[in-house]
Structure formats: structure tokens, C-alpha cells
Amino acid sequence: MYSQGLIGADGRTEESEAFLEAFQKRIDAEEKIEPKDAMPEGYRRTLIRQIGQHAHSEIVGMLPEGNWITRAPSLKRKAALLAKVQDEGGHGLYLYAAAETLGVSREQMTEELHSGKAKYSSIFNYPTLSWADIGAIGWLVDGAAIMNQIPLCRCSFGPYARAMIRICKEESFHQRQGYEIMLTLCRGTPEQKEMAQDALNRFWWPALMMFGPHDKDSAHSEQSMKWKIKRFSNDQLRQKFIDATVPQAEYLGLTVPDPDLRWDPELNDGKGGYRHGEIDWDEFWRVVKGDGVMNRDRIAARRKAWEEGAWVREAALAHAAKREGRRAAAE
Amino acid sequence: MKDENLFNALIELADDHSILCHRLGEWCGHAPILEEDLALTNMALDLIGTARNLYTYAAEIEGRGRSEDDLAYLRNERQFRNLLMVERPNGDFAHTMLRQLFFAAFMEPYWQAALESRDETLRGIAGKAVKEMGYHIRHAGEWVIRLGDGTEESAQRMQAAMEALHIYVDELFHSSPAAEAAALAGLLPERGALRTAWLENITPILAEARLELPEAPNPQIGGRAGLHGEDLGHILCEMQYLQRSHPGATW
């Protein structure tokens, strides 16, 4: 699951006017750009950064949900959660592979995640405190991710667009599964419903922040739109998400924790939509910059897995080399 | 109850699968490489699938309206009947893989033999599980070989895992009175008869991994009588906490 408006994209590029124009023509003709095609450095850099952030989000995202595998309340829920977290790992794997086609290695990307240089979706820096959080993450976080990712299926970069088609199918399943967890809780005991409301209270605003800063503050969106890496603006996607999600919360009998939320018939070109209250961008930037509740723990957990696994990876390489040596000697 | 022995024998098997699944689930997100996060989860999913089939069938045999979750989440430490091996902490990756190999190398011939069961439901469960255990042997076996014949460090860790785990092997071949009765009735395989098949699965892998299975003159046995180590209670605390703290709730 992912994502948020790309953090810190840098679309600067230094190719000749003629080259850029020819490239733009291909983009405008909706041709897919493939790994071996010539492309502006800025395009390559933006994609490496974006696909890398996306992949890291999937991998770090395994941690808050993995936190509940051993405490899942039934065998069915445990199996579904195992499968979901496995799907997220699978998404990470495709995405690392898609980024590798642009000339960056998985090791490099992993090191950048561990050093704090590469970002991931800030939503995963919030803790999962109750079982209802697993429902809320599926419903809201995967729900927000789908809004972001459906347009990515038409991204101009072929490998990313193709990876996204399968990922979206799985995310859509996760979203329904999460909503079903919420529905079960809301139809359950008063304590279960309270748990569900509390999860919504904690995850609503961070889910809105997943779409990234308002368009007027989003420094590098314009170039990404022009290159058709991005198809809709942060605010457009956030609006779509709110409009889809508020009625779902009503159906659950839960209250969206925004006293300023109201229906505005003028929104969405007169089709109507929900206006939301002020998003706390200070909180967003604080969490993005490393001061969320779980930032340090998330990176520490990833580093620990990587460092404690080093001997396993070394052994696998050593064994492969021995095997190759024996095979060569036998010939 | 239709068949108390069969019920108890099914609970033993279901507990093995559920507890081992739980242990593998602890790795999720923390494996040495991403591919292993996926593989360990896959094996955990196989195990929970079999556990659910077995608990559900046990509940049906019991005929008292209990569900798979009642059996998994509302019994205490002393009522759990799993093998001691499966409750052992994960340790490092070498421990986890060797434990998986030991278990799968037994369950594969076990389910193979269960394909001949007089009981149709058990034949169905066996048919699915036998294929899964086959690939668990391959996956865990390949890692045991890589680690056993990899670097000096990995070989030492593999050796340490062997020393820690071999004392739990013998319990695989022991039958409780319930399992004995189910075997005599032609419902489930006789565990003691599977030692040769287990060794046939294990021996070529250990040879390639440059490992030896040490003698275990004093093996650890007790799970089938509910006599566990201290780790199981902690597993159950975690696993059962929501069911216990919200009695009767639906999840």
C-alpha cells in the first residue's frame, strides 16, 4: 500500500531542447516509455525516487500490520492478515524490480531507506494500537492508496504502470477486507464499536495527509503531471477519497473526526462534495521529517532485519560460489 | 462424542500446525531478505489452512457446537497438545529452517500415508497438505544446505541449531494413546512407522549440508500430554488475548 504525493521530487534536467521536445511528443501521444528508451535524466531521477518511495512504503508498511499477526482474533483473520502482509511484501518486490530497470540496485535503495535518505509513506509512522487499526488501515490507508494508484496504472513509464495493475487489484481486495473488519466491529459489542471509532479518529487525518501537501504548496507536481507520471493533483485525489469515504463511515455508524466537514453542492464542478477542515500540516512535516511516534522504531526494525540477516545472505552467495566451483571442477 | 480418540488425535495435529504457523508469522517483516518474508508467510499460510481444516473437523467429531476458534483460542496451556519442537522460539534463521525441515520431513510421509485413511475428510485434508509439505522440505532443505555449506559462520549457526533441536525429533515418532487408537482404526497413520521415511527425507539434505544428526539418548517428550516448556504459555497469551478479553464477541 502506498502512497503520498512524492516527497522531494527533483525534475530538473539538462538535455537539449530538441531531445526534450521529442520525448514530450511521445508522452503526449500516450506512448509507454520503456527502460532502454532514451529519457531525460530528470524523468529517470523522479521515477527512481517515486518507485523507490513506493517500494519502501510497502516494506515498512508490513511492520504496523505485522504487529497484529500474532494477536489476530480468529484463525480466519490471522490467515487473511498473513496473506495481506505477504501481498505488501510482494508489491515491494515488483516495485524494487521496476526501479531496478532504471539503473538503481535494490541494495542501494535499501541502504538509502536505512540511512534515512529515502522516504516512505508517513502513515506507517503511526502505531497500530488495537485490532481495529488493522481494519482502519485496510479501509482508509489502502483506500487512499488505491485513489493514488489507479491513475498510476496509466503512468507513462511502462514497468511501473504494469506493476501497478496487479497491485491495484490486490489493494482493492485489501480495502474491502479492511472495511469488512470495521463492519464486523461496528455490529459487535459496544467495546468493539468504540475500538473502531477510536481507530477512525486516529487514522482519518493521517490518511488525508497521504495525498501530500495542497497543490499550491506542492513544489514538483507540475513537471510530473507534464510527464504523465502523475495524472491528478494531490488535492483532486484527496477530494475523491473524502467523497468516497464519508458515506462509508456513515454506513458504519461512525463519526468522521472533523467538525468542519460539510456537504458543498458547488464542489466537483457542481456535482457536490465534502469540504473538509484544516489539515495539520505541521504534524505532517514533523512526521515526514522523522518525529512521528514510530519513525525511529520502523527504521530500526528494518535495519535489524537487514543486519541480522547479513550472514544468511553471505552464506547463500558463498554456497552458490562453492557449487559453481565444484561444477566447473567436475567438467 | 462420536470418536473421542479421533477428536484428541486431530487436536494434536491441529495444535502442531497452528503453533508452528504462529512462530513463522513472527518472522513476517523481519526476514533476512524480502523473498524469505514472502516464503515464510507462505508456509505459515499453508500451516494455518491445515490447522483450520483439522480444528473444524475435530469440532464436528466432537459434536458439541464448538468452532475452530473455540478450539484454538479458548484452551489453556495444559490442554494444548502440540509437539515441543513447534513451540520452540524461532532463534536465528538456521533454527527456523531446521525446525521447518524436521517437521515437514515428518508430515510429508504422514500425509502421504493418510491418503489411505478410511476417513474421506482426512483423505481430503491429506491430499492438500502432502503437496505443501513437499515444497516445505525443498525450501527449508535448500536453506539448510546453503547455510550448512556456506560460510564458516553459517556452518557454526547451523550446527548450533542442530544441537538445539535434535532432542525434539524423537517426539515426532511417539503416539499418544488417542493417536494409537486412531491408527489402529485405520483413520490416521501410525507415527512410529514413519521413522525410515523421515530419515530418507533428511539424510541426503544433511549430507549435502555437511551436518550430522546427533544421537539423542534423552529426547524431550511431553507435548502430547500437555507438558510443555515455558514458551507455549506466552504464545497463547498473545494469540488468545482478544478472544479472552472480549468473551463471546465476533471478529
For [X], which atoms come within 4.5 Å of any heavy atom of chain B: side chain, backbone, both, or neither?
X      : answer
A:L81  : neither
A:T189 : side chain
A:K76  : both
A:L93  : both
A:L185 : side chain
A:A320 : neither

Side chain from CB out, backbone as N, CA, C, O: work out which of these in [X] comes under 4.5 Å of a heavy atom of chain A, or both, or neither.
X      : result
B:E208 : side chain
B:A72  : side chain
B:C237 : neither
B:A94  : both
B:W143 : side chain

At their closest point, which heavy atom of [X] faces which heavy atom of [Y], and how far apart are they?
X      : Y      : value
B:G29  : A:L63  : O-CD2, 3.8 Å
A:S74  : B:Y73  : C-OH, 3.1 Å
B:L242 : A:P73  : CD1-CB, 3.8 Å
B:C28  : A:V85  : SG-CG1, 3.3 Å
B:L34  : A:G92  : CD2-C, 4.1 Å
A:K322 : B:G150 : NZ-O, 3.0 Å

Which of [options] touches chain B most, by non-hydrogen pairs under 4.5 Å:
options                        : answer
A:Q192, A:R77, A:R187, A:M62   : A:Q192
A:D87, A:L317, A:T70           : A:T70
A:L75, A:L82, A:T184, A:V312   : A:L75
A:E308, A:R302, A:R326         : A:R326
A:A305, A:A301, A:G309, A:A315 : A:A315

Got a donor-acceptor contact below 3.5 angstrom from the A:R313 side chain to the B:P32 backbone?
->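 Yes; at least one donor-acceptor contact below 3.5 Å.
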
Okay, side chain of B:E238, backbone of A:R71: is any donor-acceptor separation there less than 3.5 Å?
->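 No, B:E238 side chain to A:R71 backbone: no donor-acceptor pair under 3.5 Å.
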
Specify which of [options] makes the most heavy-atom pairs with chain A at under 4.5 Å.
options                       : value
B:L24, B:I235, B:N42          : B:N42
B:E152, B:E36, B:E153         : B:E153
B:E35, B:E142, B:Q243, B:H246 : B:E35
B:L40, B:I145, B:D37, B:I33   : B:I145

So which residues of residues 104-116 of chain A are in contact with chain B at a heavy-atom cut-off of under 4.5 Å?
->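 Residues A:R106 are the ones that qualify, each having a heavy atom under 4.5 Å from chain B.
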
What pairs with A:Y96 under ring pair (Phe, Tyr, Trp, His ring centres under 6.0 Å), at least two apart in sequence or on another chain?
->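 Partners of A:Y96 by the ring pair (Phe, Tyr, Trp, His ring centres under 6.0 Å) criterion, ordered by chain and then number, come out as A:H56.
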
Could you pull out all residues at least two apart from B:Y55 that satisfy ring pair (Phe, Tyr, Trp, His ring centres under 6.0 Å)?
->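 Testing B:Y55 for ring pair (Phe, Tyr, Trp, His ring centres under 6.0 Å), a comparison that skips the adjacent residues, returns none.
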
Identify, with sequence neighbours excluded, every residue that meets salt bridge (charged side-chain N to carboxylate O under 4.0 Å, His left out) alongside B:E26.
->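 Checked B:E26 against salt bridge (charged side-chain N to carboxylate O under 4.0 Å, His left out); matches are B:R23.
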
Please examine the side chains of A:K78 and B:R52, heavy atoms only from C-beta on, and report whether any two atoms are closer than 4.5 Å.
->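 Not in contact.
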
Around [X], counting heavy atoms of other residues, nucleotides and ligands shown, do more than 12 lie under 6.0 Å from its [atom1]?
X      : atom1 : result
A:E194 : CD    : no
B:Y241 : OH    : yes
B:K128 : NZ    : yes

